[in-house]
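Because the structure is predicted, anything quoted here is derived from the model rather than measured. Per chain, numbering begins at 1; letters A, B, ... match sequence-line order. Hydrogens, waters and symmetry mates play no part in the numbers below; they use all other heavy atoms, side chains included.
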Amino acid sequence: MSDTKPDSKDASASTGASNFIRHMIAQDLASSKHGGRVQTRFPPEPNGYLHIGHAKSICLNFTVAAENGGHCNLRFDDTNPAKESQEFVDSIKDNITWLGFQWHGDVRYSSNYFDALFDFAVQLINKGLAYVCSLSADEAREYRGTLTAPGRNSPDRERSIADNIDLFSRMRAGEFADGTYSLRAKIDMASPNINMRDPVLYRIRHIDHHQTGSTWCIYPTYDYTHCISDAIENITHSICTLEFEDHRPLYDWILHNLDIDSLRAVSDLADSDYDYVLPEQTEFAKLKLNYTMMGKRNLKEMVETGVVQGWDDPRMPTLAGMRRRGFTPASIRNFCESVGVSRSESVVDLSMLEHAVREDLDKHAARAMCVLNPLKVVLTNLPSGHVERLSMANHPKDESMGRREVPLTQEIFIDRADFEESPPEGFKRLVPGGEVRLRGAYVIRCDEVIKSSSGKVQELHCSVDRDTLGKNPEGRKVKGVIHWVSAELSLPVSVRLYDRLFNVEKPDSKDIEDYRTCLNPDSLVELYDCFVEPSVADSAVRHFQFEREGYFCVDAIDSTPERLVFNRTITLRDSWSV
RNA sequence: UGGGGUGUCGCCAAGCGGUAAGGCACAAGGUUUUGAUCCUUGCAUACGUUGGUUCGAAUCCAGCCACCCCAGCCA
């Protein structure tokens, strides 16, 4: 799908708002802490689809690097093959590109570093800083202690270096079953930080890996892998979310206990003149949005149980879903920038996201008219067979977007909501005997209301004031303007009206037993009897503002040349709430 | 009752000892052939709380309170 043109492209450097990460980097640059370099990375695990929360991290990492003449790597943190797949790496790459970012060089994988990781593990063993443990997972949990009680040393903690080397080699060779042994760091079983109680570095998993196939049957853990991968890639600022804060001491412990020269030797900058400086981790608060569930587990479950129609369901907070819904890359980037970066866990109001899309779409979306709930209007003083091609601007403020022709015929459709027999106070649309402007065309007067036997309004007979094209009528003021389409020369289309998926602010709150109880029954309303002006059929653009209704985009999947399907991205702001 | 964090307007968020930026939302005007956009105006004597230091504190210190994260061989 093509997105609204102009600034969708340049996702790089912008005048960013002040935040603590930018401050830190400015200071580090000033003090030449990392040799004046800025190198970041976005490290997703390919175990699901990216969502708007990931977008915040992507924007942060890529933007902050670009602003400072640095680079951002894309590295798949693929150390748990049981949960990962190629499908996810493909979608993640696609989403990042769509968002408008280009990673530095080739895509990286932690699995690229499995050999080096193994060698460093041997190094730790040789330094007496790691050992092979035979405790089962359950036993290990028991030995670990609790939040308030210290743990106990593993009976294998003092195993000899030679035995550890032997066992670790045999783990790699596939001699042992899953779970029989693990490699653990020897740190401190009494540490108040549970991550430091001899964390597991390697576990045995006889399972193929999406990148390395059957080469390995032992896989390194996140804590062990991430810091070394950062060091290998010469990352300067390893930015992650708050829940990893307690892992930082371990991140540092591993790096500081490895021989720095051997680390440097396998790093990207091994042959450069740069000083070799270890990466440092900094944490920020992840994005939370009200009326939205963000957890991968929850999203996955909604997909699998059919609450939504897939990862790219337009109601999903996934980038794939938002893209299909009609969000533009720029709108998401602007949103992420406007939300800021801090360490306080906050819940952003959905209205901020809505503002960001409207802002971008208002500027770039072509205007068109589409009648969602048609009510036939006969323009009685126009001859049947009358076809008048009216020229209208595609954008009220941007002539460069050109013009289009909209046919006016004797019979037209207007929206049922734009006619009221007994209008409420302040109603500015069509009423019996009243006048209203047809957008881009004439002022009409409602002369007659035709009803069915049941009393339902069937059609309206109106007369056109031929002297009102491009000018106001003499001597009276017509306040209302409504949209319309030709009954004969318009395209029947389907329209999907989307709204928030949940009707409570915190669908993932513990107070809610089952999120299914707070699903918004109107999150999707499908209309099959809509009519859009013919110009959209041969338009190259995919995003439109259907005047007075909202922003819509052509559904990239279900649309056919015979029948277009539109998704409502977001309504227009509406200060006329009925 | 262990450790690590966070508390500035309804929601985000600047501020880093010199007397509370900005955005969203909201409200009131103006423009308008979209009740849209755009424009103008308003919107925290107040920075979780209590004390202390200081000529001066949201900013420094101490205590207290609230909330979040950690006991995966997940990331």
Among all residues two or more places apart in sequence or in another chain, which pass the salt bridge (charged side-chain N to carboxylate O under 4.0 Å, His left out) test with Glu142(A)? Arg152(A)
G2(B) pairs with, by Watson-Crick or G-U criteria that keep both distances under 3.5 Å: C70(B)
Under a criterion of less than 4.0 angstrom to any heavy atom of chain A, what are the 5'-terminal and 3'-terminal contacting nucleotides of RNA chain B? G2(B) to A75(B)
Test of understanding: with side-chain contact (heavy atoms from CB on, under 4.5 Å), list the residues that count as partners of Arg416(A), not counting sequence neighbours. Asn373(A), Leu375(A), Lys456(A), Val457(A)
With Val347(A), which residues qualify under side-chain contact (heavy atoms from CB on, under 4.5 Å), at least two apart? Lys288(A), Asn290(A)
Selection residues 468-480 of chain A - residue pairs positive for salt bridge (Lys or Arg N to Asp or Glu O under 4.0 Å), sequence neighbours left out: Glu435(A)-Arg476(A), Asp465(A)-Arg476(A), Asp467(A)-Lys471(A)
On RNA chain B, nearest-nucleotide positions of Phe20(A) versus His395(A): which is more 5'? Phe20(A)
What residues, two or more places apart in sequence or in another chain, satisfy salt bridge (charged side-chain N to carboxylate O under 4.0 Å, His left out) together with Glu243(A)? Lys286(A)
Atom C1', compared across U53(B) and G63(B): separation rounded to whole Å: 15 Å
Report the residue (Ser342(A) or Met352(A)) whose heavy-atom-nearest nucleotide on RNA chain B is the more 5′ of the two. Ser342(A)
What is the nucleic acid contact for Gln545(A), judged by heavy atoms within less than 4.0 Å: base, sugar-phosphate only, or nothing? base
Using a heavy-atom cut-off of 4.0 Å across all strands, would you classify Val443(A) as base, sugar-phosphate, or nothing? nothing
